[in-house]
Amino acid sequence: MIQHPHQSSLGILNMNRAGEKFQLLRVPPSKDLSYFIKHYWIIHWDLTDQEPYLQDVVPNPCANLVVQPHRTAFYGVSSTRHSHHLEGIGQVFGIKFRPEPEITSAPVQAIRRGKP
């Protein structure tokens with residue numbers, strides 16, 4: 001699994017096995033968007049000639065916009081573990097938003113600093 005060296009699993013369970021099945025890249029947002037976006041993430045897998053893989057994830061308290069072939073969805077905060085079925089070749093792009101308290105206070109902080 002590819003990820004920045006100082007980042008935690010951020011809810012991805014069984015990291016050792018996951019690293020054999022898919023690659024994860026996390027990209028920080030521009031400074032202007034960092035009030036609202038924690039990071040962008042891209043997951044790619046190639047399980048050609050391998051069994052399908054079920055990846056379990058424990059959600060973080062934030063929302064994600066997820067874009068994948070034939071489906072784009074906005075996922076709000078969840079309190080339950082969920083699983084993702086990976087098979088063949090694929091990739092997913094996502095935007096992980098900051099938790100709501102940070103988002104709702106960002107405009108107020110910007111006004112206090114004299115920014116529009």
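Numbers for residues simply follow the sequence, beginning at 1. Predicted model, so just to flag it, every value in this text is computed and none were measured.
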(message) Checking Lys38 against Phe97 for the side chain to side chain contact (heavy atoms under 4.5 Å, CB included) test, could you report, in this order, the C-alpha distance in whole Å, the side-chain angles of both residues, the deciding distance, and whether it holds?
(response) CA-CA 5 Å; Lys38 182 169 182 151; Phe97 293 91; over 6 Å; no
(message) Do Val66 and Trp41 make a side-chain contact, defined as non-hydrogen atoms from C-beta onward lying under 4.5 Å apart?
(response) yes
(message) Keeping Trp45 on the side-chain end and Glu87 on the backbone end, is there a donor-acceptor pair under 3.5 Å?
(response) yes
(request) Can you measure from OH (Tyr75) to SG (Cys62) and round to the nearest 0.5 angstrom? (result) 14.5 Å
(request) Please test His84 against Val57 for side chain to side chain contact (heavy atoms under 4.5 Å, CB included), starting from the C-alpha separation and ending with a verdict. (result) CA-CA 8 Å; His84 298 280; Val57 177; 3.8 Å; yes
(request) Check for a donor-acceptor pair, side chain of Asp46 on one end and backbone N or O of Thr48 on the other, with a separation under 3.5 Å. (result) yes
(request) Determine the minimum heavy-atom distance between Leu86 and Leu47, stating which atoms define it. (result) O-CD1, 3.5 Å
(request) Report the C-alpha separation of Tyr40 and Leu33 in whole Å, then their side-chain angles, then the decisive distance to 0.1 Å, and conclude whether the side chain to side chain contact (heavy atoms under 4.5 Å, CB included) test is met. (result) CA-CA 11 Å; Tyr40 303 99; Leu33 295 176; 3.5 Å; yes
(message) Let me check something: do Ile37 and Val67 share a hydrophobic cluster, defined by ILVMFWY side-chain heavy atoms less than 4.5 Å apart, either directly or through other members?
(response) yes
(request) Indicate yes or no: at least one non-hydrogen side-chain atom of His85 is less than 4.5 angstrom from one of Pro52. (result) yes
(message) Can a side-chain donor-acceptor contact be found between Glu51 and Tyr53 if the only test is distance below 3.5 angstrom?
(response) no
(message) Is any side-chain heavy atom of Gln50 closer than 4.5 Å to one of Lys21?
(response) yes
(request) Find out whether Leu25 and His44 are in side-chain contact, i.e. whether some heavy atom of one side chain is under 4.5 Å from a heavy atom of the other. (result) no
(message) Between Arg98 and Ser34 (side chain of the first, backbone of the second, donor and acceptor by atom type, cut-off under 3.5 Å), is there such a pair?
(response) yes
(message) Quick check on the hydrophobic clustering: are Val27 and Leu65 connected, directly or via other members, by side-chain heavy-atom contacts under 4.5 Å?
(response) yes
(message) Is the shortest side-chain heavy-atom distance between Gln68 and Phe93 below 4.5 Å?
(response) no
